[in-house]
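In the text below, chain A, chain B and the rest are named by the order of the sequence lines, each starting its count at 1. Because only heavy atoms are used, hydrogens play no part in the values below, and waters and symmetry mates are left out as well, while side chains stay in.
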Number of protein chains: 2
Amino acid sequence: MPGTKTKAIDATTEEKIKEAARRIFTRKGYSATRTRDIAEEAGLNLALLNYYFRSKEKLFDIIMLETMQQFMQGVRVLLSAESSSLEEKISVFVSSYIDVLIKQPDLPLFIFSEIKANPKKLMAKMGLKEFLMNSQFLVQFREAVKTNKIAPVHPLQFIMNIVGLTVFPFIGSPILQNLGDLNTDEFNKLMEERKKLVPLWIKLMMMKT
Amino acid sequence: MPGTKTKAIDATTEEKIKEAARRIFTRKGYSATRTRDIAEEAGLNLALLNYYFRSKEKLFDIIMLETMQQFMQGVRVLLSAESSSLEEKISVFVSSYIDVLIKQPDLPLFIFSEIKANPKKLMAKMGLKEFLMNSQFLVQFREAVKTNKIAPVHPLQFIMNIVGLTVFPFIGSPILQNLGDLNTDEFNKLMEERKKLVPLWIKLMMMKT
DNA sequence: GTCTATATACGGATAGAC
DNA sequence: GTCTATCCGTATATAGAC
């Protein structure tokens, strides 16, 4: 039966639990998730969770760390990259992010909720601030302001705009889909459109007037 | 019978409970909130909650209904108003909304989270869709598109932009504040700036190119 | 490693004194 | 109306058989 199966081909029990946990935690958040839901989702016994991860919280910590690293990847793309222009960075960020979010639309609400619930525990692990400070992105932004190519605003305003225009639709999707009478496919079409629109809009917004 | 007795000068016990519940629910969400937290926040005994509201869920429903009505008020301002122009509507919406959110920054994350957790139960109560459909806002938007004043995009894209640029910073504030090394006052200053910037940006974004 | 059964803790709800 | 004490269901965690 299960113990005699090969580990090589299908997912190990530990991986099954992690995958199930990721789905449920992301969908419902830490507090609303019951370990029973995870066990059921994984098609496994409840006791296995404790055998592999000792506690709900430890399991969550592992999932959360991995999730945030994934979420951060887009940001790192946006911030680093020596060779590309500011505009190119924005395009790449928006486009790749929308791809991720179409596949995992629950991600933003989950991350922002959990960070709010536990800022100290989770913020440190991101190391986002250090990354931003010496980033090529910030250098290019300041240069563009100085040379009068874009309007002079706080860099954070600029970042809020890019991230907000990209991420917000997924946070508000239940309301927005209802508002526009859209099913998921139709909604995703609009998101695909935004891959081109958002970078264009950002460019227009930041024009010197 | 609860609620029928005194209309006193200072807050009644029932109001104290509701105020405490509003704060805690909004801060932590339904699942993570314990009735004991609410009782403590109100400086009252746990048993009073049940005396006045029968259950955690019934108390939550009352709070949630009131909160959504408040949240919707800004939207209604945006959508209705026969006399004002499209631009004016946007300015009023952004400005009044940012005022609300500076006072109650937890509101957006709370509302979006709870709607996601229980869309059927909560969406109907908003009645947002009906409101939008016959709104002056939508008429004016379509007119502006037809007369070539703004670029032709799905109205929902337009709404996402306005709401996203206004609301997103408050959803991401823990991360954003950390990113920019800002305390709450400094962050709020940026939000005050956005009262003027967002309407301007919207105007620029939507230009015909 | 995986299961069943059970211990333990926690949170929501209630009974009853005042 | 408000309190103390307590009940009871549910969720997490663990023991022990296989």
- Classify the angle between the aromatic ring planes of F170(B) and F187(B) as parallel (below 30°), tilted (30 to 60°) or perpendicular (above 60°). perpendicular
- Could you state the atom-to-atom distance from CG of L48(B) to C1' of dT2(D) in whole Å? 5 Å
- Task: Could you please name the option among dC3(D), dA13(C), dG1(D) that lies closest to any side-chain atom of R36(B)?
- Result: dA13(C)
- Once you round it to whole Å, what is the distance between P of dC3(D) and CG of N50(B)? 14 Å
- Query: Near DNA chain D, which residues from residues 19-34 of chain A have a heavy atom under 4.0 Å away?
  - Reply: T33(A), R34(A)
- Could you tell me whether the side chain of L190(A) reaches within less than 4.5 Å of the side chain of L176(A), counting heavy atoms only? no
- Anything under 30° is parallel, anything over 60° is perpendicular, the rest tilted; go ahead and classify F110(A) against F60(A). perpendicular
- Task: Scan residues 53-60 of chain A against DNA chain D and write down, sorted by residue number, each residue with any heavy atom closer than 4.0 Å; if none is found, say none.
- Result: R54(A), S55(A), K56(A)
- Task: For the residue pair Q104(B) and T67(B), establish whether any side-chain heavy-atom pair is separated by less than 4.5 Å.
- Result: no
- Query: Using the ring of each side chain (for Trp, its six-membered ring), is F93(B) parallel, tilted or perpendicular to Y97(B), with breaks at 30° and 60°?
  - Reply: tilted
- Task: Whole angstrom is fine here: how far is it from CD in E40(B) over to P in dG12(C)?
- Result: 13 Å
- Just checking, any donor-acceptor pair under 3.5 angstrom between side chains of K89(A) and Q140(A)? yes
- Rounded to the nearest angstrom, tell me the gap between atom CD1 in I17(B) and atom P in dA13(C). 13 Å
- Item | Distance in angstrom units between Y51(A) OH and dA17(D) P, rounded | 17 Å
- Task: Nearest whole angstrom, please: distance from the C1' of dG11(C) to the CG of L46(B).
- Result: 9 Å
- Note on the structure: With the side chain defined as heavy atoms from C-beta on, N45(A) is closest, among dG1(D), dT14(C), dC3(C), to dC3(C)
- Task: Say whether, by atom type as modelled, one donor and one acceptor occur between the side chain of N161(B) and the main chain of Q157(B) under 3.5 angstrom.
- Result: yes
- Message: Please check this pair: side chain of S135(B) against backbone of L132(B), looking for a donor-acceptor N/O pair closer than 3.5 Å.
- Response: yes
- T35(B) side-chain N/O to dA13(C) phosphate OP1/OP2 under 4.0 Å: no
- Should we count CD of E87(B) as having more than 12 external heavy atoms under 6.0 Å? no
- Protein-nucleotide distance (Y52(B), atom OH; dA13(C), atom P), rounded to Å: 18 Å
- Message: So L49(B), base contact, sugar-phosphate only, or nothing? Heavy-atom distance under 4.0 Å.
- Response: nothing
- Task: Report the nucleotide, chosen from dG1(D), dT14(C), dC3(C), that has the shortest atom-to-atom distance to any side-chain atom of A47(B).
- Result: dT14(C)
- Task: In whole angstrom, give the distance that lies between atom CG of D37(B) and atom P of dA13(C).
- Result: 14 Å
